[in-house]
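Below: the structure, in structure tokens.
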2 protein chains.
Amino acid sequence: MATQTEPRPRARDPLTRERVLRAAVDLADREGIDALTMRNLARELGAEAMSLYYHVANKEAVLDGVVDVIMDEINRAVSAVDVPPATEDWKVVMRSRILAAREVLLRHRWASRLIETRTAISPTTMRYFDELLGVLHAGGFSYDLAHHAMHALGSRGLGFTQELFEPENADEGDEEMTEAMAEMAGQFPHLTGMMMEVAHDDPDSTLGWCDDQFEFEFGLDLILEGLEATRQRSGA
Amino acid sequence: MATQTEPRPRARDPLTRERVLRAAVDLADREGIDALTMRNLARELGAEAMSLYYHVANKEAVLDGVVDVIMDEINRAVSAVDVPPATEDWKVVMRSRILAAREVLLRHRWASRLIETRTAISPTTMRYFDELLGVLHAGGFSYDLAHHAMHALGSRGLGFTQELFEPENADEGDEEMTEAMAEMAGQFPHLTGMMMEVAHDDPDSTLGWCDDQFEFEFGLDLILEGLEATRQRSGA
DNA sequence: ACCTGAACACCGTTCAAGT
DNA sequence: ACCTGAACACCGTTCAAGT
């Protein structure tokens with residue numbers, strides 16, 4: 001056994017586009033998307049940063065590839081959940097597909113923000129949306145209305161949570177919290193009222209009181225039902 | 001008159017947090033958000049990068065401040081459009097507010113992406129959402145339902161277009177285009193079908209065929225109507 | 001064919017120093 | 001009080017060079 005005291009030996013198979021992209025996803029999962037630099041990625045693979053450029057054009061290509069890996073995982077998850085073939089309600093199929101996609105994005109929380117920065121659309125991504133369109137079309141939507149439907153869903157169609165200002169760190173002390181709220185009451189009566197009403201309904205919650213999964217499904221169902229109503233109305 | 005041959009003289013008033021932030025917005029408008037570096041920003045102001053640190057804590061604080069400037073512009077635009085006080089339909093008020101906010105974001109196209117990266121929520125931003133909540137509450141929503149409504153709107157409540165994969169550069173040659181489509185037809189029947197149907201309805205459009213404003217309003221109205229139906233149903 | 005070292009032009013930021 | 005120069009630890013990327 002050769003002496004190896006390197007901090008990160010990492011069985012040194014030859015590099016590969018695949019290995020590079022997989023390492024990139026792992027790195028982002030483990031240390032966040034900001035840690036995904038060419039130098040860190042290379043170290044992860046036991047190589048030098050410059051070696052990566054033999055397998056990928058540049059960092060942008062790495063990011064494109066990483067999104068592709070995620071979209072592939074989504075496609076896999078979606079086709080795995082799609083088992084019940086006897087379902088005739090397009091809303092049920094759509095819903096379960098989107099929720100499956102969402103689960104993947106929850107496993108890679110950096111991914112949705114990254115996906116939004118892509119300008120080109122890869123075949124893997126096209127496949128996802130093509131199948132979604134297929135569900136609508138099979139459900140009685142004209143392609144024209146299906147087109148509007150896809151826009152109405154927007155990024156929610158991939159399972160994105162739409163939240164602005166995710167709490168991120170709801171670790172603020174309780175006293176600072178109530179103090180801030182007192183100051184808030186005057187300036188922002190409705191925000192204050194809302195928080196008080198919700199706190200009354202469910203005393204356990206002060207901050208971090210939003211059930212993301214519930215809110216996502218609420219918004220999704222609202223849109224799906226609106227689309228179904230539009231479809232029936234337009235007879236298309 | 002003193003000799004001045006500097007490329008960017010820029011009347012050299014003392015720096016100010018306000019001047020720094022305004023220059024930052026101008027710079028992002030003119031050259032894109034990536035050009036907003038501390039060094040570029042300083043040059044814009046006829047100063048050195050290090051001088052900025054006397055007025056702002058760091059770059060993150062600049063970005064927070066920039067978002068605040070934009071949110072202030074939104075609040076101004078919203079209150080300017082809010083003139084008709086006799087309107088009793090909350091949907092009309094909500095719609096016009098959100099469309100006004102959207103116009104501001106269209107003037108600063110880099111802004112929505114930046115806003116999404118903020119973790120803290122400033123008073124200026126709170127004001128916007130507080131007023132939006134006020135419209136819902138005045139329209140007969142319980143704060144609890146209004147809360148769900150805000151989640152359902154998500155970033156659309158600020159006028160964000162939800163589009164994944166904005167075309168960005170729809171400058172692809174027509175021949176490459178049709179070639180790509182031919183290849184696509186097999187793999188992505190529904191995307192192909194959709195494009196053909198839309199092209200048939202409106203022959204002028206092949207790519208860049210989406211009317212963003214129409215799609216935004218379609219999706220927005222879908223949600224607003226869904227919320228109104230939910231409100232009536234829940235009797236809240 | 002695959003990998004690397006040295007180097008370049010950038011970042012944000014610190015710190016001691018200038019006026 | 002306000003601004004700056006030099007320096008540090010990072011980036012992505014090039015290019016000529018190694019095996």
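Since we're looking at a predicted model, the values are computed, not measured.
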Contacts satisfying ring-ring contact (aromatic ring centres under 6.0 Å, His included) that involve residues 38-66 of chain B (not counting sequence neighbours) are none
Residues 32-42 of chain A vs side-chain hydrogen bond (donor to acceptor under 3.5 Å, both in side chains), sequence neighbours excluded, gives A:N40-A:R43
Would you tabulate the pairs of protein nitrogen or oxygen atoms and nucleotide nitrogen or oxygen atoms of nucleotides 13-17 of chain C closer than 3.5 angstrom?
{"residue": "C:dT13", "atom": "OP2", "partner": "B:Y53", "partner atom": "OH", "Å": "2.8"}
{"residue": "C:dT13", "atom": "OP2", "partner": "B:K59", "partner atom": "N", "Å": "2.8"}
{"residue": "C:dT13", "atom": "O5'", "partner": "B:Y53", "partner atom": "OH", "Å": "3.4"}

Just to confirm, is there a sub-4.0 Å distance from OP1 or OP2 of D:dC3 to any side-chain nitrogen or oxygen of B:H55? yes
From CG of A:D34 across to P of C:dC11 the rounded distance in Å is 17 Å
Separation of C:dA9 atom C1' from B:N40 atom CG, nearest Å, is 13 Å
When rounded to whole Å, the CD to P distance for the pair B:E48 and C:dG18 reads 17 Å
Hits for salt bridge (charged side-chain N to carboxylate O under 4.0 Å, His left out) against B:E217, two or more places apart or cross-chain, chain-then-number order -> B:R95
Using a 6.0 Å cut-off, check whether atom CZ of B:R107 has over 12 heavy atoms from anything other than its own residue. yes
Inset, instruction - Compute whether any side-chain donor of one residue and acceptor of the other, for B:S122 and B:D68, lie under 3.5 angstrom apart. - result: yes
- Item | Any B:Y54 side-chain N or O less than 4.0 Å from OP1/OP2 of D:dC2 | yes
Note on DNA chain C: ranges paired as stems (three or more Watson-Crick/G-U pairs in a row, both atom distances under 3.5 Å) are C:4-8 with D:12-16, C:12-16 with D:4-8
Taken to the nearest whole Å, CG/A:L15 to P/C:dC2 is 10 Å
B:L52 atom CG is separated from D:dC2 atom P, nearest whole Å, by 14 Å
B:R19 atom CZ is separated from D:dC2 atom P, nearest whole Å, by 14 Å
- Task: Give one of base, sugar-phosphate or nothing for B:S51, where a contact means two heavy atoms less than 4.0 Å apart.
- Result: base
Contacts of A:D72 meeting salt bridge (charged side-chain N to carboxylate O under 4.0 Å, His left out) (sequence neighbours excluded), chain-then-number -> A:R76
Rounded to whole Å, the CG-P distance (A:L45 to C:dT4) equals 11 Å
Those residues at least two apart in sequence (or on a different chain) that pass side-chain contact (heavy atoms from CB on, under 4.5 Å) with B:E215 are A:H147, A:H148, A:H151
Residue pairs meeting ring-ring contact (aromatic ring centres under 6.0 Å, His included), one or both in residues 96-135 of chain B, sequence neighbours left out, come to B:H108-B:W110
The salt bridge (charged side-chain N to carboxylate O under 4.0 Å, His left out) partners of B:E60 (sequence neighbours excluded) come to B:R118
